[in-house]
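What follows is a set of notes on a single structure, which appears directly below.
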Amino acid sequence: MKSKKFLMQESDIPQAWYNVIPDMPVKPAPLIHPATKQPLKEEDLYPIFSKAASQQELNTTDRWIEIPDEVREMYRIWRPTPLVRAEGLEKLLDTPAHIYFKNESVSPVGSHKLNSAIAQAYYCKQEGVTNITTETGAGQWGAALALAAKHFGLELAVYMVKISYEQKPYRRSIMQTYGAEVIASPSMSTRAGKDIITRSPNYQGSLGTAISEAVELATTTPNCKYVLGSVLNHVALHQTVIGLEAEKQMEMAGEYPDTIIACFGGGSNFSGLAMPFLRHKLNGDNPDTQFIAAEPASCPKLTRGVFRYDFGDEAGYTPLIPMLTLGHNFKPANIHAGGLRYHGAGAIISQLKHDEIIDAVDIPQLESFDAATLFARAEGIIPAPESSHAIAATIREAIKAREEGKKKVILFNLSGHGLIDMTAYDRFFANDLTNYEIPDSIIAQNTAGLDPVKP
Ligand SMILES: *Cc1c(COP(=O)(O)O)cnc(C)c1O
């Protein structure tokens with residue numbers, strides 16, 4: 001292990017986030033109000049989100065959006081994050097490819113999620129909000145928001161997907177350490193939760209259900225806003241600090257990536273790394289860069305989903321989003337990459353994939369753990385089960401480069417570490433994990449009634 005690191009100064013933390021929409025050849029179709037069926041207006045989002053987040057969500061004109069000083073100040077706790085040349089992994093794979101990764105696992109909560117949590121909590125505080133709610137899958141988002149909420153003096157209630165609440169007690173403890181209240185979802189504390197428990201008493205929960213519960217609490221509680229950890233445009237926007245830093249660090253390394261890879265849940269870490277590089281593809285400077293989103297084979301919205309207007313949550317409280325989706329009632333298998341168990345992709349990514357500007361691959365669970373183990377042994381860092389999907393896709397590309405005898409520069413995002421996910425590794429070593437496939441008929445059934453997205 002003699003991996004090379006490319007480090008920057010605190011003063012190199014970006015001053016502005018990058019909004020890709022103005023540069024897209026085809027803009028995402030508008031969000032639709034579920035009651036009026038009209039394109040959503042900014043004010044329609046105010047009951048749910050902060051005004052600043054609502055504005056950013058619908059901003060299709062400004063390429064650069066200034067990062068508030070208070071947010072940059074907090075980014076300094078762990079940013080800029082290192083860019084690492086994974087020479088150990090290259091050697092182990094005997095590949096001519098140069099492999100780099102952006103290490104977002106060094107944040108205090110162990111993942112990229114804090115980049116947006118801080119921004120969203122800050123805007124709520126600015127606007128006089130006192131309470132916020134959210135959902136969390138494996139607990140990374142909840143942990144990040146719990147830290148951000150505490151910093152800005154907000155009370156936070158987190159609906160945590162029940163299976164993870166039971167399987168990942170340490171993430172629950174982390175949220176509680178930062179002072180958040182954590183509720184297993186589905187719960188009896190909301191109508192959405194009660195409804196699904198009545199229909200499926202043994203249901204282990206999903207991000208879609210937890211979102212419904214959190215939105216319901218926010219819209220029925222005074223001075224309370226809802227904060228989302230992925231999928232939406234403003235969350236992707238906040239994550240672009242990852243790619244903006246990586247761009248400068250690749251310059252320091254004297255290379256430019258041919259292939260950019262990140263794992264895919266709702267799209268925030270993929271967008272964060274990819275968008276700043278994508279702008280050089282869209283403006284013609286680097287037309288051949290390839291972008292690959294790595295999703296789980298058990299939850300394949302990008303590779304097998306349909307392009308439809310769908311809800312972002314299970315109960316149908318959110319606006320209708322133009323998304324590649326498996327249907328908002330899709331119940332993903334209980335894979336250990338909890339952060340990837342979401343039925344749809346955000347509007348920007350869905351449009352880019354539909355227009356074949358970005359690619360996607362689906363990774364079986366066992367391949368992701370093989371990749372994780374190999375990476376840990378080569379580079380010393382134990383990756384999150386989510387990030388392992390990006391590593392698996394990277395390994396596929398590096399082996400392809402070896403077989404073709406071509407040098408190739410690959411950059412992937414290490415979205416988080418897996419030190420709190422060791423139960424998943426234990427089960428992998430005990431041969432207790434399996435791959436899951438979903439039949440086409442289930443996807444067709446789940447998406448049957450949804451409206452197509454018109455260009
Ligand atoms: C939440 C999470 C993901 C998936 O979410 P995206 O919004 O698609 O990035 C990936 N990796 C880690 C470590 C996560 O916590």
Side-chain angles (χ1 to χ4, degrees), residues 81 101-117 120 134-147 158 160-161 164 168 171 174-175 206-207 210-211 227-243 260-275 291-296 299-302 312 323-324 332 335-350 353 358 360 363 368 371-372 375 381-393 412-421 424:
T81 62
F101 65 92
K102 181 71 168 156
N103 188 357
E104 289 295 306
S105 82
V106 299
S107 90
V109 294
S111 80
H112 70 287
K113 295 273 185 0
L114 201 51
N115 295 326
S116 184
Q120 296 197 61
T134 197
E135 76 295 328
T136 195
Q140 287 107 325
W141 169 246
L145 193 61
L147 171 53
V158 184
M160 183 173 190
V161 176
S164 302
K168 312 203 173 198
R171 286 252 168 63
I174 292 172
M175 290 184 260
S206 73
L207 281 169
I211 294 173
V227 178
L228 183 61
S230 184
V231 185
L232 293 175
N233 300 349
H234 66 274
V235 186
L237 174 78
H238 303 151
Q239 293 294 350
T240 58
V241 287
I242 302 173
I260 292 175
I261 299 174
C263 68
F264 200 95
S268 78
N269 93 92
F270 175 80
S271 301
L273 179 68
M275 297 312 183
F291 296 84
I292 305 175
E295 63 183 4
C299 195
K301 59 253 176 187
L302 294 174
M323 50 165 52
L324 279 166
I335 55 164
H336 277 272
L340 307 185
R341 296 176 71 243
Y342 184 70
H343 66 274
I348 296 175
I349 294 297
S350 295
K353 173 72 173 61
I358 61 165
I363 307 284
S368 75
F375 180 77
I381 302 171
I382 296 183
E386 290 85 2
S387 318
S388 306
H389 290 71
I391 298 172
F412 78 88
N413 195 36
L414 185 71
S415 53
H417 70 66
L419 291 176
I420 306 160
D421 301 283

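Numbers for residues simply follow the sequence, beginning at 1. Order of appearance sets the numbers: ligands from 1, and atoms from 1 within every ligand. Note: hydrogens, waters and symmetry copies are ignored here, and every other heavy atom, side chains too, is used.
- The part of F264 lying near ligand 1 is the backbone, judged by heavy-atom distances below 4.0 Å.
- Here atom 7 (O) of ligand 1 lies nearest to S230 when heavy atoms of S230, A143, G272 are compared.
- Among protein heavy atoms, the minimum distance from atom 15 (O) of ligand 1 is reached at K113 NZ, 2.7 Å.
- In the model, N115 has a side-chain atom that pairs as donor or acceptor with a side-chain atom of E104 under 3.5 Å.
- When G339, C263, G137, A262 are ranked by how near their heavy atoms come to atom 10 (C) of ligand 1, first place goes to C263.
- Heavy-atom proximity to S415, at under 4.0 Å, picks out these atoms of ligand 1: 10 (C), 11 (N), 12 (C), 13 (C).
- Here Q239 has no heavy atoms under 4.0 Å from ligand 1, in either its backbone or its side chain.
- For E104, the heavy-atom gap to ligand 1 stays at 4.0 angstrom or more.
- Of all the atoms in ligand 1, the ones that sit under 4.0 Å from a non-hydrogen atom of E386 are 10 (C), 11 (N), 12 (C).
- Side chains of H417 and S105: a donor-acceptor N/O pair is absent below 3.5 angstrom, by distance only.
- Taking only nitrogen or oxygen atoms, main chain and side chain alike, G266 reaches within less than 3.5 Å of ligand 1.
- Of the candidates A345, G265, S387, G416, G265 brings a heavy atom nearest to atom 8 (O) of ligand 1.
- Here is the list of ligand 1 atoms found below 4.0 Å of a heavy atom in L340: 4 (C).
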